[in-house]
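Below: one structure, written as structure tokens.
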Protein chains: 2
Amino acid sequence: MKMSEGVEWALHCCLTLAWLGRDDAAVPTSRLAAAFELPPAYLNKCLQLLVKAGILASSAGVKGGFRLARAPQQITLLEVVTAIEGPEPAFRCTEIRQGGAGATAAPGEFARPCGIAAAMHRAEAAWRRELAAQTVADLLRAAPPTASERLRCWQLAQAR
Amino acid sequence: MKMSEGVEWALHCCLTLAWLGRDDAAVPTSRLAAAFELPPAYLNKCLQLLVKAGILASSAGVKGGFRLARAPQQITLLEVVTAIEGPEPAFRCTEIRQGGAGATAAPGEFARPCGIAAAMHRAEAAWRRELAAQTVADLLRAAPPTASERLRCWQLAQAR
DNA sequence: GCGATGCTACTCGGATAAAAACTGTCCGAGTGGCATCGG
DNA sequence: CCGATGCCACTCGGACAGTTTTTATCCGAGTAGCATCGC
């Protein structure tokens with residue numbers, strides 16, 4: 001069970017864009033990728049997913065790029081993770097209890113959900129609850145940018 | 001982020017072995033695979049992982065197979081999941097904050113952990129806590145076996 | 001001088017290949033049970 | 001009849017391919033800005 005690296009990239013990009021402020025000009029993928037030493041084309045794909053989720057807004061043209069679509073306190077970590085990973089839960093019950101010996105079950109015997117699946121989904125719900133409780137604004141407050149992170153923001157703001 | 005199917009298989013096998021009782025004879029992979037309609041060789045691989053984790057005990061020979069190594073109330077769901085998926089967390093911080101502009105950082109600037117990684121790990125800790133709070137015995141209690149599940153156990157107990 | 005217009009460079013966006021992880025399979029080492037043989 | 005012994009079938013266990021998901025890349029459509037041209 002490995003989470004996509006795109007989640008880390010997306011969160012760092014959101015945090016950086018929040019530092020820059022929503023009012024500044026848009027930041028293109030190429031600049032963000034250079035600031036973090038990431039593959040530009042693939043990072044672009046991740047940012048597109050964030051646009052689809054309504055977290056970022058994109059603008060085309062020569063001075064286009066991405067910016068935050070909402071205020072940082074209205075972007076939860078869960079939204080970012082879901083945008084990249086998709087909405088499906090990590091644990092998917094394939095109902096193996098209905099295979100083999102279960103094939104002879106009376107109709108309606110498996111009406112109530114599988115207890116194992118219920119337990120796993122409960123755990124995932126706790127995970128989601130924790131992610132939904134934190135916003136990008138919380139990250140801003142908890143960790144003020146270090147010197148080199150301020151440098152990164154300055155580089156992104158320069159040379160438009 | 002997709003969890004391995006082996007987790008579901010392992011949990012169902014543990015639950016079934018718990019129904020049978022630790023004192024009965026061992027159940028070989030071939031019989032378990034037939035009872036759930038699963039690929040026998042791959043299921044065997046998963047059961048081996050459970051043996052390595054000390055959850056199951058294996059015995060060789062003509063009447064060999066697998067059985068629970070401990071009492072059901074001493075097997076948490078977290079142990080089973082960790083045995084199959086491995087101990088590494090789903091979210092792995094690759095420290096991209098140190099790339100690019102971060103390369104010019106003063107030594108010790110990144111001593112404190114990344115706030116994003118901390119938040120993600122906090123969420124995963126909640127997930128683990130929920131899994132560690134439930135044991136196989138709890139599954140036994142919560143969901144008594146249905147008719148076809150009892151049939152499955154009977155088939156496993158027969159024809160030794 | 002001012003506005004309309006065409007062009008150009010740059011951006012996003014989706015379609016297209018490599019890499020990795022997961023899934024599935026095979027065969028060999030080892031062991032316990034059983035039949036056989038000897039006492 | 002009882003015990004020792006050799007054999008054999010069956011098991012686990014780890015090494016070996018196939019398939020799906022993830023990662024990475026490329027190229028085209030579209031657009032905003034800018035220079036140019038005409039009035």
Side-chain angles (χ1 to χ4, degrees), chain A residues 1-10 13 17 25-34 36-53 55-67 69 81 83-92 94 96 156 159-160, chain B residues 1-10 13 17 25-34 36-67 69 81 83-86 88-92 94 96 156 159-160:
Chain A
M1 186 178 54
K2 190 177 136 231
M3 181 173 290
S4 169
E5 279 192 64
V7 171
E8 184 185 3
W9 303 357
C13 287
L17 289 174
V27 180
T29 304
S30 58
R31 202 168 300 281
L32 274 171
F36 286 109
E37 276 184 289
L38 298 176
Y42 189 42
L43 177 61
N44 190 16
K45 196 187 192 86
C46 295
L47 297 178
Q48 284 175 34
L49 290 172
L50 294 179
V51 170
K52 252 182 196 163
I55 296 168
L56 297 188
S58 65
S59 53
V62 61
K63 284 206 175 181
F66 296 92
R67 76 191 72 198
V81 171
I84 302 291
E85 291 286 337
E88 293 179 21
F91 181 90
R92 262 108 87 184
T94 59
I96 65 171
L156 290 173
R160 291 286 161 71
Chain B
M1 186 178 51
K2 188 177 136 234
M3 182 172 291
S4 168
E5 279 192 64
V7 171
E8 184 185 3
W9 302 358
C13 287
L17 289 174
V27 180
T29 304
S30 58
R31 201 168 300 281
L32 275 171
F36 286 111
E37 275 184 289
L38 298 177
Y42 190 41
L43 177 61
N44 191 16
K45 197 188 190 88
C46 295
L47 297 178
Q48 285 174 33
L49 290 173
L50 295 179
V51 170
K52 252 181 195 164
I55 296 168
L56 296 187
S58 64
S59 52
V62 61
K63 285 208 172 179
F66 295 91
R67 76 190 72 196
V81 171
I84 302 293
E85 290 286 335
E88 293 179 22
F91 180 89
R92 262 108 89 186
T94 59
I96 64 171
L156 289 174
R160 291 284 162 70

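First the proteins, then the strands, lettered A, B, ... as listed; each starts at 1. Fair warning: this is a prediction, and the values are worked out from it, not measured in the lab.
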Margin query: A:Val27 vs A:Phe66, test: side chain to side chain contact (heavy atoms under 4.5 Å, CB included). Steps then yes/no.
Written below: CA-CA 5 Å; A:Val27 180; A:Phe66 296 92; 5.8 Å; no
Margin query: Does A:Met1 form a side chain to side chain contact (heavy atoms under 4.5 Å, CB included) with B:Met1? I'd like the steps, not just the answer.
Written below: CA-CA 6 Å; A:Met1 186 178 54; B:Met1 186 178 51; 3.9 Å; yes
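The closest side-chain heavy-atom distance from A:Lys2 to B:Arg92 is below 4.5 Å. Contact of the A:Leu50 side chain with the A:Ile84 side chain is registered, since non-hydrogen atoms from C-beta on lie closer than 4.5 Å. Taking 4.5 Å as the limit, some side-chain heavy atom of A:Thr94 sits within range of a side-chain heavy atom of B:Glu8. Two residues are said to be in side-chain contact when any heavy atoms from C-beta on lie closer than 4.5 Å; A:Gln48 and A:Ser58 fail this criterion.
Taking atom CD of residue A:Gln48 and atom C1' of nucleotide C:dG14, one finds them 7 Å apart after rounding to whole Å. For B:Leu49 and C:dC22, the CG to C1' distance is 13 Å, given to the nearest whole Å. Taking atom CZ on A:Arg31 and atom C1' on C:dC12, their separation rounds to 16 Å, with Å as the unit. To the nearest angstrom, P of C:dC22 lies 17 Å from CD of B:Glu8. The interatomic distance linking B:Glu37 (CD) with C:dT23 (P) rounds to 18 Å, in whole Å.
Applying the 4.0 Å criterion to OP1 and OP2 of C:dC10, one finds that A:Ser30 has every side-chain N and O outside that range. Taking side-chain N and O atoms only, A:Ser59 has no distance below 4.0 Å to OP1 or OP2 of D:dT31.
Taking the C1' atoms of five terminal pairs at each end of the helix from C:dG1-D:dC39 to C:dG39-D:dC1, the two resulting helix axes are inclined by 0°, rounded to 10°.
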What pairs of nitrogen or oxygen atoms, one from the protein and one from nucleotides 21-26 of chain D, lie under 3.5 Å apart?
from   : atom 1 : to      : atom 2 : distance (Å)
D:dT22 : OP1    : B:Met1  : N      : 3.2
D:dT23 : OP1    : A:Lys2  : NZ     : 3.4
D:dT23 : OP1    : A:Glu5  : N      : 3.4
D:dT23 : OP2    : A:Ser4  : OG     : 2.6
D:dT23 : OP2    : A:Tyr42 : OH     : 3.3

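When the nucleotides C:dT31, D:dG14, D:dG13 are ranked by their closest atom to the side chain of B:Lys52, D:dG14 comes out on top. When distances run from any side-chain atom of A:Ser58 to the nucleotides D:dC12, C:dG13, D:dC10, the shortest one goes to C:dG13.
Checking each of B:Asn44, B:Leu156, B:Leu38 against B:Leu32 for a side-chain contact (heavy atoms from CB on, under 4.5 Å) leaves exactly one that passes, namely B:Leu156.
Side chain of A:Glu85 to backbone of A:Ser4: a donor-acceptor contact under 3.5 angstrom is found.
Between the CG atom in B:Leu47 and the SG atom in B:Cys13 there is a gap of 5.0 Å [rounded to 0.5 Å].
Summary of the strand contacts: B:Phe66 and A:Ala60 both lie near DNA chain D, and taking for each the nucleotide with the nearest heavy atom, the more 5' one is attributed to B:Phe66.
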